[in-house]
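Reviewing the structure listed below.
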Amino acid sequence: MITYLLTYKLESEEKRNAFLSELRQNKADVISRAEDGCIKYSYYLPCDDSKSLLLVEMWESEAHQKKHTTQPHFKIIQELKQKYNVTTECDSL
C-alpha cells in the first residue's frame, strides 16, 4: 500500500473553495475512489490554513496510482490546478 499526502496551496480561501467546488462538480473524487486499487481518496480542509486543501490518497500499489495519473479525470484535475494557480506539495508515506 502507498499513501500520498498532497497539499494544494491557493491564493485565497475563496479560490480554494471554488477549486474544491469544481473538483466535486467534475466528480474527480468520486471517479478516483471507484478506480481499481484505490483505498482512499479524500479531501480535507486544514483548520489552521484557509488557503490550503489536503488530499489523502491511498492505493494498493504505486502502479495503481500511476495508472490513475493517466485517466481523463486526472487531466481535468490538472486543468483546474492551472486555472486556480495551485501549487502542490507532496509527501508519501
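As the structure is a computational prediction, the values presented were derived from the model and not from experiment.
Residues S52 and P46 come closest through the heavy atom pair O-CD, 3.4 Å. Taking every heavy atom of both residues into account, G37 and H64 meet most closely at CA-CD2, 3.4 Å.
Distance NZ/K40 to CG/L55: 10.5 Å, rounded to 0.5 Å. We find the CD-OG distance between E14 and S21 to be 13.5 Å, quoted to the nearest 0.5 Å. Here the OG atom belonging to S42 is positioned 8.0 Å from the CG atom belonging to D29, to the nearest 0.5 angstrom. With values rounded to the nearest 0.5 angstrom, K67 atom NZ is found 10.5 Å from S61 atom OG.
Judged as a salt bridge (charged side-chain N to carboxylate O under 4.0 Å, His left out), and not counting sequence neighbours, K81 has no contacts. Taking Y44 as the reference, nothing meets the ring pair (Phe, Tyr, Trp, His ring centres under 6.0 Å) condition, with sequence neighbours excluded.
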* To do: Decide yes or no on side-chain contact (heavy atoms from CB on, under 4.5 Å) for E11 and Y84, but give the supporting numbers first.
  => CA-CA 8 Å; E11 296 169 355; Y84 288 98; over 6 Å; no
* Checking side-chain contact (heavy atoms from CB on, under 4.5 Å) for the pair K9/T7: CA distance, chi angles, key distance, verdict? -> CA-CA 6 Å; K9 300 209 174 251; T7 302; 4.1 Å; yes
* side-chain contact (heavy atoms from CB on, under 4.5 Å) between Q65 and E57: does it pass, once the steps are laid out? -> CA-CA 9 Å; Q65 194 276 337; E57 292 185 54; 3.9 Å; yes
* Asked: Does the pair L54 and V56 meet the rule for a side-chain contact (heavy atoms from CB on, under 4.5 Å), with working shown?
  -> CA-CA 7 Å; L54 176 66; V56 177; 4.2 Å; yes
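With N26 contributing its side chain and A28 its backbone, the two residues share no donor-acceptor pair below 3.5 Å.
No option in N17, V86, L45 other than L45 meets the side chain to side chain contact (heavy atoms under 4.5 Å, CB included) test with L53. Here the rule is salt bridge (charged side-chain N to carboxylate O under 4.0 Å, His left out) with E22, and of K27, R16, K15, K83 only K83 fits it.
Neither M58 nor L6 shares a network with the other; the hydrophobic side chains, linked directly or stepwise wherever heavy atoms of I, L, V, M, F, W or Y lie under 4.5 Å apart, form separate groups for each. Residues Y4 and L20 share a single hydrophobic cluster, defined by chaining ILVMFWY side chains whose heavy atoms lie under 4.5 Å apart.
When side chains are defined from C-beta on, Q71 counts as touching E35, because their heavy atoms get closer than 4.5 Å. Side-chain contact between P72 and K75 is absent, with no heavy-atom pair separated by less than 4.5 Å. Taking the side chain as every heavy atom from C-beta outward, I77 and L23 approach each other to under 4.5 Å.
The aromatic rings of Y41 and H68 sit perpendicular to each other, their planes meeting at more than 60°, with 30° as the lower class boundary.
Salt bridge present: E62 and K66 bring a charged side-chain N and a carboxylate O closer than 4.0 Å.
A donor and an acceptor atom, one from each side chain of Y8 and E89, are nowhere located under 3.5 Å apart.
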